[in-house]
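Worth saying up front: this structure is predicted, and the values here are computed from it rather than measured. Atom set for the values below is all heavy atoms of this structure, side chains included, hydrogens, waters and symmetry mates excluded. Naming: A, B, ... by sequence-line order, numbering from 1 per chain.
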There are 2 protein chains.
Amino acid sequence: MGQPGLRERKKQKTRLALVDAALDLFAEQGYEATTVDQIAAAVDVSPRTFFRYFATKEDVALSLPHHGQEVMIAELAARPAEEPPFTALTQAMRALVTMLKEGDLTDSARFLKARELIENTPALLGGSVRRMMENEQRLVAEIARREGADRDDLLAHFVVALSMAVARVGFEFCHAEGEQAIDSLTNRLEATLALAERSLRPGWDRPADPA
Amino acid sequence: MGQPGLRERKKQKTRLALVDAALDLFAEQGYEATTVDQIAAAVDVSPRTFFRYFATKEDVALSLPHHGQEVMIAELAARPAEEPPFTALTQAMRALVTMLKEGDLTDSARFLKARELIENTPALLGGSVRRMMENEQRLVAEIARREGADRDDLLAHFVVALSMAVARVGFEFCHAEGEQAIDSLTNRLEATLALAERSLRPGWDRPADPA
DNA sequence: TAATTTATGACAGACACTGACAAGTGACAA
DNA sequence: TTGTCACTTGTCAGTGTCTGTCATAAATTA
């Protein structure tokens, strides 16, 4: 339970170094303009090794937000079963920003840096949303399970798709630096959640009562 | 105002031939497994020429749905100004399927073929969604203009994001052949729209009355 | 028919990504 | 400590996407 071993530590170090170098280079010269050769050179590693850590150049840019989504899925699974679907999903979103707030400041800075980059790079935005949609399938499955519904239940699809829409708008980049950036993100997310709450009928995320 | 000229006609013909050949090959061997060399060879054209018609291999697969989105944007601009935003957006969606229903049967068949392909190919799904998001910016701008709001108005973003969520669920591929496919698509879209209507509070897509 | 656009093909090259093999490095037991 | 084993890395060769460039052929216009 102590150290993960030298080999493992080295790997984590290289991985993080690659992410940092990539994010820096992307910010400097843009995503498309930087080659993986450059990233590898910055970390003093062969290009081949880069692809042993990340399947694609896109992956290194999306790695942090992708981790965020994993957190959200785990969080959803931990929500109490009686909680309505939409509530459970929004609570999972909140858990993500809470984690950012409580975690290391450099970690959250990296996360926000990646988010800004993604938003300003069409190619990355596409990849990012594609991953969201892959996760969407998992979320739908989880919601359907919780509600005892079918995997292709229209309501489950709708609830999740709507939640993802909220997440997309709520996590859009806010121009602010340092700690304020996270507060700014929190504010925007809460404002969006409030807007959603105000727009939706109570109980909309559960099957209509045929009374 | 008569013929568009021989040169232009030839170009349209080549373009359509490329789309058809590509869609066929993709369906046969999968998207990634087919090379642009193969597509070019099938139309008896140099690979370089392929890239004069389509910027990327992805583009040839996305070309039809992309055209559909252009139609939707044009349709939105034509909606009456007093119509609430969400209504205008959903009407624009309906206009798209109406166009498919009334148009040439081979055209709609091609469209549905492309949609099925995209849904079953993660890489294409990513590209497809990226384009949707680019269009989303245009839709937000149009909605904001109609409502006399700011381009970064939260409500405008929310309305459009939510509409796109509905569109995504509503346009998901339905397994049916020939004319039934379009009816099946219509049914699913209408069911999703009804679900949305049922879930949202009346007047949600306009600023709250501070009464 | 001659002059001017415009589409195309042929070629070379950059870059993302992959498979295969050899060499270096940490893990672990004798 | 040493030797073996597993794992990580670098090198090299190759495929496929996509781009710039230039010469040729075809269509348009005069």
Looking at [X] and [Y], does any basic side-chain N land under 4.0 Å from a carboxylate oxygen?
X	Y	value
A/E119	A/R168	no
A/E134	A/R130	yes
A/R131	A/D59	yes

- Give one of base, sugar-phosphate or nothing for A/F50, where a contact means two heavy atoms less than 4.0 Å apart.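 No contact at all - A/F50 keeps every heavy atom at 4.0 Å or more from the nucleic acid.
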- B/F54 near the nucleic acid: base, sugar-phosphate alone, or nothing, with a heavy-atom cut-off under 4.0 Å?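 Touches nothing.
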Distance, rounded to the nearest Å, where [X] contributes [atom1] and [N] contributes [atom2]:
X	N	atom1	atom2	value
B/K11	C/dT8	NZ	P	8 Å
B/R15	C/dA7	CZ	P	13 Å
B/F51	D/dT21	CZ	C1'	17 Å
B/E32	C/dC17	CD	C1'	13 Å
A/D37	D/dT11	CG	P	12 Å
A/E58	C/dC15	CD	C1'	16 Å

- Message: If you only use heavy atoms from C-beta on, which nucleotide in D/dG16, C/dT8, D/dG10 is closest to the side chain of B/T35?
- Response: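 Nearest listed nucleotide: D/dG16.
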- Message: I'd like to check the ring pair (Phe, Tyr, Trp, His ring centres under 6.0 Å) partners of B/Y53; sequence neighbours left out, ordered by chain and number.
- Response: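 Result, ring pair (Phe, Tyr, Trp, His ring centres under 6.0 Å) vs B/Y53: none returned.
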- Can you give one letter per nucleotide of nucleotides 22-30 of chain D, going 5' to 3': B for a protein heavy atom under 4.0 Å from the base, S for sugar-phosphate only, - for none? ----BBS--
- Message: Looking at A/R9, I want to see if its CZ is surrounded by more than 12 non-hydrogen atoms of other residues, nucleotides or ligands under 6.0 Å.
- Response: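 Correct, the count exceeds 12.
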- Item | More than 12 heavy atoms from other groups under 6.0 Å of NZ on A/K13 |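 Counting neighbours around NZ of A/K13, 12 or fewer heavy atoms of other residues, nucleotides or ligands fall under 6.0 Å, so no.
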- Message: Less than 6.0 angstrom from the centroid, inside 45 degrees of the normal: does B/K57 satisfy that with respect to the ring of B/Y31?
- Response: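 So B/K57 does make the cation-pi contact.
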- Query: Taking for each residue the nucleotide of DNA chain D with the nearest heavy atom, is it B/P47 or A/V45 whose nucleotide lies nearer the 5' end?
  - Reply: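 The 5'-side residue here is A/V45.
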- Message: On DNA chain C, does the nearest nucleotide to B/R48 precede the nearest nucleotide to A/R48 from the 5' side, or the other way round? Give the residue.
- Response: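 The residue closer to the strand's 5' end, by nearest nucleotide, is B/R48.
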